[in-house]
Amino acid sequence: MKEYLKNDSEHINHILDLIKTQGVEYLTTLSERPTSVNNNPVSDKIELPESGFGAEETLKIFNQRFEPIMVGSSGPRYLGFVTGGTTPASIAGDWLATIYDQNTQSTTGQGDISARIEIETISALLDLLGLPETFLGGFVTGATMSNFTCMAVARQWLGKEQGRDIAKDGISQTIKVLTGTPHSSSIKSLSLLGIGSSNIIKVKTAGEEREAISIQDLEEQITKLKGEAFLLISSGGTVNTVDFDDFKEISRLKEKYNFWWHIDAAFGGFAVCSDQYKHLVSGWENADSITVDCHKWLNVPYESAVFLVKEQYKILQVETFQNSNAPYLGDPLENFGYLNFLPENSRRLKALPAWFSLMAYGRKGYQEIVDRNISLAKQFGQMLAETNDFKLLAPVRLNTVCFTLKDEAQQDKVHGFLETLNGTGKVFMTPTFYQQQKGIRAAFVNWQTTEKDIELIFEVMKRIAVELL
């Protein structure tokens with residue numbers, strides 16, 4: 001092991017050149033790389049070697065055994081799960097984050113102060129999103145942990161409203177959570193926090209073809225609580241149809257009633273980058289907390305999301321996440337450390353890929369990405385609506401197309417159609433269920449997707465429709 005370690009250290013330039021060559025080849029052929037591998041088997045596992053193989057030989061083993069199952073998930077025709085791509089600048093930032101290998105916590109002191117980069121990145125994101133600097137933010141692994149972090153502070157707030165310190169004493173009473181069409185990650189967060197996923201009070205939607213909250217029913221549900229404090233989870237873009245709750249009206253309700261307002265805007269929040277669609281998030285600055293996912297529409301590598309919590313709740317946030325049992329003394333921002341503001345004690349410099357991409361392409365760059373993706377989604381939706389084989393399950397409101405087979409008698413063939421489509425390796429979409437119908441969802445968030453891609457996808461879909469339907 002010592003021999004291999006010493007040799008690899010002495011030849012790190014050669015090793016990184018090999019990785020660079022392989023990486024560049026992948027990126028330059030990404031549009032041709034299959035989006036699905038159809039469960040290709042991996043050869044029998046290798047037992048842990050006694051003395052190791054060294055880095056170069058290990059790369060050969062990886063390429064033989066695992067590289068063939070790496071799909072083009074960051075490519076232009078991977079439309080599943082709202083999966084973003086990776087901009088060139090974000091890749092550069094991600095590589096450097098690995099090389100420098102900081103444990104990003106502090107902004108001052110004699111040790112690692114790389115959190116300064118994170119603070120600056122959050123400030124740039126707030127600027128891009130049109131949000132005030134009154135939000136305190138940080139990077140976590142994804143929307144699930146962002147929702148978890150925000151709702152953990154919300155839980156502490158609600159406890160204080162009831163005269164309890166939940167972070168210390170635990171949950172002893174039911175916590176009421178109102179929501180309309182929450183993402184599964186929000187529900188998961190409630191479960192992880194001990195609030196309970198079954199304690200949700202579902203609010204009616206604004207109409208038959210809507211996933212947004214009915215403001216009228218929301219206020220009726222609030223009045224039933226008779227002044228009891230509660231948590232509200234609202235949507236800044238639902239996963240099926242990218243429907244937005246009415247943030248202006250919720251802002252009005254917040255002036256009248258006592259509740260914590262959380263917005264899950266994992267990908268929909270980036271609608272603010274578009275002059276035509278930024279009205280969808282008008283009023284979201286009045287929320288107490290917001291989730292935004294960077295490895296979606298910001299197009300940086302996984303794992304990258306941010307939590308945004310109003311700075312006025314900094315003491316509640318520290319009470320929730322402080323790394324000791326002692327009460328926090330003084331102003332936590334005077335000696336700031338992320339250690340006391342979020343779940344992880346050990347943290348990668350997740351902000352660096354986002355910082356690189358924001359600095360490299362700026363406001364105009366992201367406006368172009370968002371506008372192009374929305375335009376392609378609407379064009380693709382129109383193409384589907386004009387055929388005899390498919391129909392839209394909902395209007396294309398932003399960047400996601402939710403559709404199914406046109407003939408309702410063919411509902412049992414939707415899964416088979418999607419399986420065959422994904423099996424071509426030309427495109428990847430995800431199944432869904434909407435308005436009591438089996439459906440298919442295509443999300444446009446990749447900076448590389450072009451009109452040629454949707455034309456290719458459409459041709460493949462028509463061919464499969466002829467064969468199967």
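Both backbone and side-chain heavy atoms feed into the values below; hydrogens, waters and symmetry mates do not.
Inspection of the S251 and N286 side chains reveals an N or O donor paired with an N or O acceptor under 3.5 Å. Side-chain contact, T238 with E211: a donor N or O sits under 3.5 Å from an acceptor N or O. Using modelled atom types and a 3.5 Å distance limit, the side chains of Y78 and N446 yield no donor-acceptor pair. Under 3.5 Å, the side chains of S90 and S357 contain no donor-acceptor pair of N or O atoms. In this model, a donor atom of one side chain and an acceptor atom of the other lie less than 3.5 Å apart for H262 and N147.
A salt bridge links R33 to E67: one of the charged nitrogens lies within less than 4.0 Å of a carboxylate oxygen. Look at E368 and R372 and you find a salt bridge, because one of the NZ, NE, NH1 or NH2 atoms lies within 4.0 Å of a carboxylate O, short of that distance. Ionic pairing of R252 and E249 is present here: one or more N-O contacts between side-chain nitrogen and carboxylate oxygen are shorter than 4.0 angstrom. By the 4.0 Å N-to-carboxylate-O rule, K20 lies too far from E25 to be salt-bridged with it. Residues E118 and K350 are not paired through a salt bridge, judged by the lack of any N-O separation under 4.0 Å between the basic side chain and the carboxylate.
More than 12 heavy-atom neighbours from other residues, nucleotides or ligands sit within 6.0 angstrom of CZ on F433. Environment of NZ in K406: crowded, with over 12 heavy atoms of neighbouring residues, nucleotides or ligands closer than 6.0 Å.
Residues passing the ring-ring contact (aromatic ring centres under 6.0 Å, His included) test with H295, sequence neighbours excluded: Y302. The salt bridge (charged side-chain N to carboxylate O under 4.0 Å, His left out) test applied to D127 returns R363, not counting sequence neighbours.
Less than 6.0 angstrom separates the ring centroid of F417 from the ring centroid of F390.
Between the CG atom in L376 and the NZ atom in K452 there is a gap of 13.5 Å [rounded to 0.5 Å]. One finds the CZ atom of R463 at 9.5 Å from the CG atom of L468 (value rounded to the nearest 0.5 Å).
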For residues 68-77, run the donor-acceptor check on the side chains, cut-off 3.5 Å, and write out each pair with its distance to 0.1 Å, sequence neighbours left out.
residue	atom	partner	partner atom	Å
S74	OG	Y26	OH	3.3
R77	NE	K426	O	2.7
R77	NH1	S31	O	3.3
R77	NH1	D453	OD1	3.0
R77	NH2	S31	O	2.5

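Geometric assessment of K310 against the ring of F135 yields a positive cation-pi assignment under the 6.0 Å and 45° thresholds. Cation-pi geometry between K254 and F259 is met: the NZ or CZ atom falls under 6.0 Å from the ring centre, inside 45° of the normal.
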| Please walk me through it: do F341 and F336 pass ring-ring contact (aromatic ring centres under 6.0 Å, His included)? | CA-CA 9 Å; F341 281 88; F336 180 82; 4.9 Å; yes
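D389 places no side-chain N or O within 3.5 Å of a backbone atom of A465 that could act as its donor or acceptor partner.
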